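Take a look at the structure set out below.
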Amino acid sequence: MFGPSLAELKARQVALRARIDARVAEMAASGSSGGVVIAELTPLTSQLVALEQQIRQRTPRRDLRHELAHLDTQLRDATLAPAEQQRLARRRDALRVYLAPKRPLVPRRPLWHFVLAGLLMFAAIVFVTVVLPPLVVGRP
């Protein structure tokens with residue numbers, strides 16, 4: 001595979017999370033407003049989301065399924081703090097969406113629908129060309 005390995009991506013993720021946490025602590029100590037915090041952290045969190053997507057793509061699907069099962073068991077634990085429970089639930093939901101089978105946006109109709117529509121059109125054409133003219137002409 002090309003690009004960084006999974007271990008390198010995970011190391012980058014840990015470093016980026018530490019950088020975000022340090023920046024948040026620094027801004028909280030200085031008393032920055034919420035708008036300034038959001039404006040400064042948006043590029044870092046965008047990088048983190050992109051990095052997590054790369055990690056997800058590099059991780060084998062069976063490992064992701066094991067992680068999903070582990071998250072489900074962790075969420076059953078009643079002693080978790082609400083913030084930790086919410087974080088784990090978001091991670092579980094993201095994994096479920098990623099591992100869900102991809103379905104087309106427009107549901108496909110079975111082939112027999114098209115065959116039936118074609119047969120009905122053929123029957124209408126035969127009726128108009130064969131049966132209808134004698135009925136119209138035969139009347140005085």
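None of these values were measured; they are calculated from a predicted model. Hydrogens, waters and symmetry mates are skipped; everything else that's a heavy atom, side chains included, is used.
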Checklist entry - Are more than 12 heavy atoms from other residues, nucleotides or ligands located less than 6.0 Å from atom CZ of R19? => result no

Checklist entry - Under a single-linkage definition using a 4.5 Å side-chain heavy-atom cutoff for Ile, Leu, Val, Met, Phe, Trp and Tyr, are I125 and V131 assigned to the same hydrophobic cluster? => result no

Next on the checklist: Do L88 and Q85 make a side-chain contact, defined as non-hydrogen atoms from C-beta onward lying under 4.5 Å apart?
Outcome noted: no

Checklist entry - Checking R56 side chain against L64 main chain: does a donor-acceptor pair fall under 3.5 Å? => result no

Table please: side-chain donor-acceptor pairs of residues 37-46 below 3.5 Å, with sequence neighbours left out.
unit_1: E40; atom_1: OE1; unit_2: R23; atom_2: NE; d: 3.1
unit_1: E40; atom_1: OE1; unit_2: R23; atom_2: NH2; d: 2.2
unit_1: E40; atom_1: OE2; unit_2: R23; atom_2: NH2; d: 3.4
unit_1: T42; atom_1: OG1; unit_2: I38; atom_2: O; d: 2.5
unit_1: T45; atom_1: OG1; unit_2: L41; atom_2: O; d: 3.1
unit_1: T45; atom_1: OG1; unit_2: T42; atom_2: O; d: 3.0
unit_1: S46; atom_1: OG; unit_2: T42; atom_2: O; d: 2.9

For residues 47-55, run the donor-acceptor check on the side chains, cut-off 3.5 Å, and write out each pair with its distance to 0.1 Å, sequence neighbours left out.
unit_1: E52; atom_1: OE2; unit_2: Q13; atom_2: NE2; d: 3.3
unit_1: E52; atom_1: OE2; unit_2: R17; atom_2: NH2; d: 2.5

Next on the checklist: Starting from F114, can I reach F122 by hopping between I/L/V/M/F/W/Y residues whose side chains sit under 4.5 Å apart?
Outcome noted: no

Item to check | Heavy-atom check, side chain of E67 versus side chain of R91, under 4.5 Å | outcome: yes

Checklist entry - What is the distance from atom CZ of R90 to atom CG of L95, rounded to the nearest 0.5 Å? => result 13.5 Å

Next on the checklist: Within this structure, what is the CG-CG distance for the pair D93 and L68, rounded to the nearest 0.5 Å?
Outcome noted: 9.5 Å

Under 3.5 Å, sequence neighbours excluded: what are the donor-acceptor pairs made by side chains of residues 5-12?
unit_1: S5; atom_1: OG; unit_2: E8; atom_2: N; d: 3.3
unit_1: E8; atom_1: OE1; unit_2: S5; atom_2: N; d: 3.2

